[in-house]
Amino acid sequence: MQNRVAIIGIIVEDNTYIEELNNLLHKYSHIIVGRMGVPYRDRNIGVISIIVDAPSDEINTLSGKLGMIKGINSKTMYAKVADKHE
């Protein structure tokens, strides 16, 4: 299956579930190219961006699991980059 590059934007609204989030991201670390997290203290939220490179099914699975964590909102955006492994 063809790999895709995507960015997953994550908003952490409840720090109670941050350990669950980090455990999930660790489980998918093999597809994560980069990660940047910024605490937005004025709003008491965290903003995380994750760059991934994997088949769409695996990215969608991660995105779906992120969406099931209470206090976490996420959206995925795919790049129009062809797989160089063809």
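Fair warning: this is a prediction, and the values are worked out from it, not measured in the lab.
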Tell me every residue that passes side-chain contact (heavy atoms from CB on, under 4.5 Å) with Asn44, counting only those two or more places apart in sequence or in another chain.
none
Which residues end up grouped with Val38 if you chain together Ile, Leu, Val, Met, Phe, Trp and Tyr wherever their side-chain heavy atoms are less than 4.5 Å apart?
Met36
Hydrophobic clustering (ILVMFWY, side-chain heavy atoms < 4.5 Å, transitive) - are Tyr40 and Ile11 grouped together?
yes
Any non-hydrogen side-chain atom of Val52 less than 4.5 Å from a side-chain atom of Val33?
no
Should Tyr17 and Tyr28 be counted in the same cluster of Ile, Leu, Val, Met, Phe, Trp and Tyr side chains packed under 4.5 Å apart?
yes
Under the rule for side chain to side chain donor-acceptor pair (under 3.5 Å), what residues qualify as partners of Glu20, not counting sequence neighbours?
none
Would you mind reporting whether Ile59 and Tyr78 have side-chain heavy atoms less than 4.5 Å apart?
yes
Output the rest of the hydrophobic cluster of Met77: all Ile, Leu, Val, Met, Phe, Trp and Tyr residues reachable through side-chain heavy-atom contacts under 4.5 Å, sorted by chain and number.
Ile7
About how many Å separate CD1 of Ile50 and CD1 of Ile10, when rounded to the nearest 0.5 Å?
4.5 Å
Let me confirm one number: the CD1-OG1 distance from Ile31 to Thr61, rounded to the nearest 0.5 Å.
9.0 Å
Non-hydrogen atoms of Leu66 and Leu25 that approach each other most closely:
CD2-CD2, 4.4 Å
Tell me which pairs pass side-chain hydrogen bond (donor to acceptor under 3.5 Å, both in side chains) where either residue lies in residues 29-38, with sequence neighbours left out.
Asn22-Arg35, His30-Glu58
For residues 67-76, please give each side-chain donor-acceptor pair under 3.5 Å, one per line with the distance, not counting sequence neighbours.
from	atom 1	to	atom 2	distance (Å)
Asn73	ND2	Glu13	OE1	3.3
Asn73	ND2	Glu13	OE2	3.1
Thr76	OG1	Ser63	OG	2.9

Heavy-atom nearest pair, Ser56 first then Arg4, reads OG-CG, 3.2 Å
Applying the 4.5 Å side-chain criterion to the ILVMFWY set and letting contacts propagate, would Ile45 and Ile18 be lumped into a single cluster?
no
